[in-house]
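First up is the structure itself, then whatever we jot down about it.
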Amino acid sequence: MGGHVSKKAPDQASTAFNNNPQYTTDQLSSYEAACKLDMDLQSFDTSLQVRTNHVINTLAVGVEVRALSFDSLKEVTECLLEMNQEVVKVILECKKDIWKNQELFDLVEEYFENSLQTLDFCTALEKCLKRARDSQLFIFVALQQFEEENENGGKTYAKTLEGLKNFKSAGDPFTEEFFQLFQSVYRQQMLMLEKLQSRKNKLDKKLKSIHAWRKVSNIIFVATFAAVLICSVVAAAMAAPPVAAALAAATSIPLGSMGKWIDSLWKNYENALKGQKELIGTMQVGTYVAIKDLDNIRVLIDRLEIDIESLMLNAEFAIEQEAVKIAIVEIKKKLEVFMKHIEDLGGQADTCSRDIRRARTVVLQRIIKHPHN
């Protein structure tokens, strides 16, 4: 575009730009190279060439008759406004994406709320484990009573049966309300993971199309180039010294500064997207780990439920059938496994709680680093 426009412009305009060190050959060459690689930029360049050449040709007619008509000035005005509007649309779209983060922070708030509810579930699990350990103590007491009564002849095993009745009366340590809480927390975590993945997909699409924002710099540069080119033709055609002086002052403004500002805006946009993606990724990891911890907890609870059910059946058999010796043999076989499963579940509950707290800390650290432009 830069090379094309400068070749087709009048001598006065070419001289004005050649004398301005801000419009370097490297900048124009870079723009031409970008045009060859980008169809959208080629379309913009072609459209801009047509408008610019049309305006300059209109002005050339005015020069021949030594006058600038109202129509000529109208062409200049419309062309400049049209070019500026195209640039404004790109920048505004970029700006809207940078400063509108409500969806992200809604997700952050939801993440922390979910993590708190999961911590509440871990507390509820600890209460269930305490009841399970209490049940374990009832069995220990029953076994101890059985040994004493067995040594004394073991006719009625009344104390042993009393201990087993206490175990049976304690019931299942995992209540219906507990399982409802588990299902609620698990669904929330799964839904959170889906929302985070959806947000991440949107950010990935934006990052993949980030090269489009590089067009902003090229569009700004070439639009400004064409605008000043047209203005220089106007000044030369009007031959008005005050206007020419004003134009000279305008063209002395470093175009490179404009380019740096646009590049800074693009960098801020890219950094904002990367910051959001890092934050989303951190929450994804925390949510995924929480779900895996909950999966492991569910497996261990199911295993412990099987142990409790089996012990309950043995206790019931001993109580109802008065087959204490047979039942005690079976209970002894299962007790060690029952104890181990309680400890495994307790360890997993601690791990889940620790993982959630650690993830919350990491997310908070990301938020502190996250740009709030």
*asked:* Using the rule given for salt bridge (charged side-chain N to carboxylate O under 4.0 Å, His left out), can you reason through Lys159 versus Glu148, listing the C-alpha separation, both sets of side-chain angles and the distance that settles it, and then say yes or no?
replied: CA-CA 9 Å; Lys159 292 183 179 179; Glu148 292 178 358; 5.5 Å; no
*asked:* Go through it in stages, so that I can follow the logic: the residues are Asp172 and Met312, the test is side-chain contact (heavy atoms from CB on, under 4.5 Å), and I'd like the CA-CA distance, side-chain angles, deciding distance and then a yes or no.
replied: CA-CA 9 Å; Asp172 191 340; Met312 287 285 185; 5.9 Å; no
*Begin with the C-alpha distance, continue with both residues' side-chain angles, and end with the deciding distance and a verdict on salt bridge (charged side-chain N to carboxylate O under 4.0 Å, His left out) for Glu147 and Lys332.*
CA-CA 12 Å; Glu147 295 297 334; Lys332 283 182 177 180; 2.8 Å; yes
*Verify side-chain contact (heavy atoms from CB on, under 4.5 Å) between Asp344 and Leu304, making sure each step is shown before the conclusion.*
CA-CA 10 Å; Asp344 289 346; Leu304 195 56; over 6 Å; no
*Step by step, work out the salt bridge (charged side-chain N to carboxylate O under 4.0 Å, His left out) result for Arg199 and Glu103.*
CA-CA 9 Å; Arg199 180 65 180 175; Glu103 180 182 356; 2.9 Å; yes
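Considering only heavy atoms from C-beta on, Arg303 stays 4.5 Å or farther from Val337 through its side chain. No side-chain heavy atom of Leu107 sits under 4.5 Å from any side-chain heavy atom of Leu279.
Contact between Phe179 and Glu305 at its shortest, heavy atoms only, is CZ-OE1, 3.8 Å. A pairwise comparison of heavy atoms in Phe167 and Ile308 identifies CZ-O, 4.4 Å as the closest pair. The shortest heavy-atom contact between Leu161 and Ala318 is CD2-O, 3.5 Å. When every heavy atom of Val185 is checked against every heavy atom of Gln117, the shortest pair comes out as CG2-O, 3.8 Å.
A donor-acceptor pair under 3.5 Å is absent between the side-chain atoms of Glu126 and the main chain of Ala349, judged by distance alone. A distance-only check finds a donor-acceptor pair linking the side chain of Ser115 to the backbone of Phe112 [under 3.5 Å]. Judged by distance alone, with hydrogens and angles left aside, the side-chain atoms of Ser198 form no donor-acceptor pair with the main-chain N or O of Glu194 at under 3.5 Å. Ser310 places no side-chain N or O within 3.5 Å of a backbone atom of Ile306 that could act as its donor or acceptor partner.
Note: the hydrophobic cluster containing Leu191 does not contain Leu196 (ILVMFWY, side chain heavy atoms under 4.5 Å, direct or indirect links).
Checked options Lys334, Lys340, His341; the residue passing with Asp307 is His341 (criterion: side chain to side chain donor-acceptor pair (under 3.5 Å)).
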List the atom pairs, donor and acceptor, that lie under 3.5 Å between side-chain atoms in residues 128-145 and the rest of the protein, sequence neighbours left out.
{"from": "Arg131", "atom 1": "NE", "to": "Pro173", "atom 2": "O", "distance (Å)": "3.2"}
{"from": "Arg131", "atom 1": "NH2", "to": "Pro173", "atom 2": "O", "distance (Å)": "2.8"}
{"from": "Ser135", "atom 1": "OG", "to": "Arg131", "atom 2": "O", "distance (Å)": "3.1"}

Do any side-chain atoms of residues 284-299 form donor-acceptor pairs under 3.5 angstrom with protein atoms, and if so which ones, sequence neighbours left out?
{"from": "Gln284", "atom 1": "NE2", "to": "Gln197", "atom 2": "OE1", "distance (Å)": "2.8"}
{"from": "Thr287", "atom 1": "OG1", "to": "Met283", "atom 2": "O", "distance (Å)": "2.8"}
{"from": "Asp293", "atom 1": "OD1", "to": "Gln348", "atom 2": "NE2", "distance (Å)": "3.2"}
{"from": "Asp295", "atom 1": "OD1", "to": "Tyr186", "atom 2": "OH", "distance (Å)": "2.7"}
{"from": "Asn296", "atom 1": "ND2", "to": "Lys292", "atom 2": "O", "distance (Å)": "3.3"}
{"from": "Arg298", "atom 1": "NE", "to": "Asp302", "atom 2": "OD1", "distance (Å)": "3.0"}
{"from": "Arg298", "atom 1": "NH2", "to": "Asp302", "atom 2": "OD1", "distance (Å)": "2.9"}

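Legend: residues meeting ring pair (Phe, Tyr, Trp, His ring centres under 6.0 Å) with Phe121, ordered by chain and number and at least two apart, are Phe178, Phe182.
Other residues, nucleotides and ligands contribute at most 12 non-hydrogen atoms within 6.0 Å of the CD atom of Glu336.
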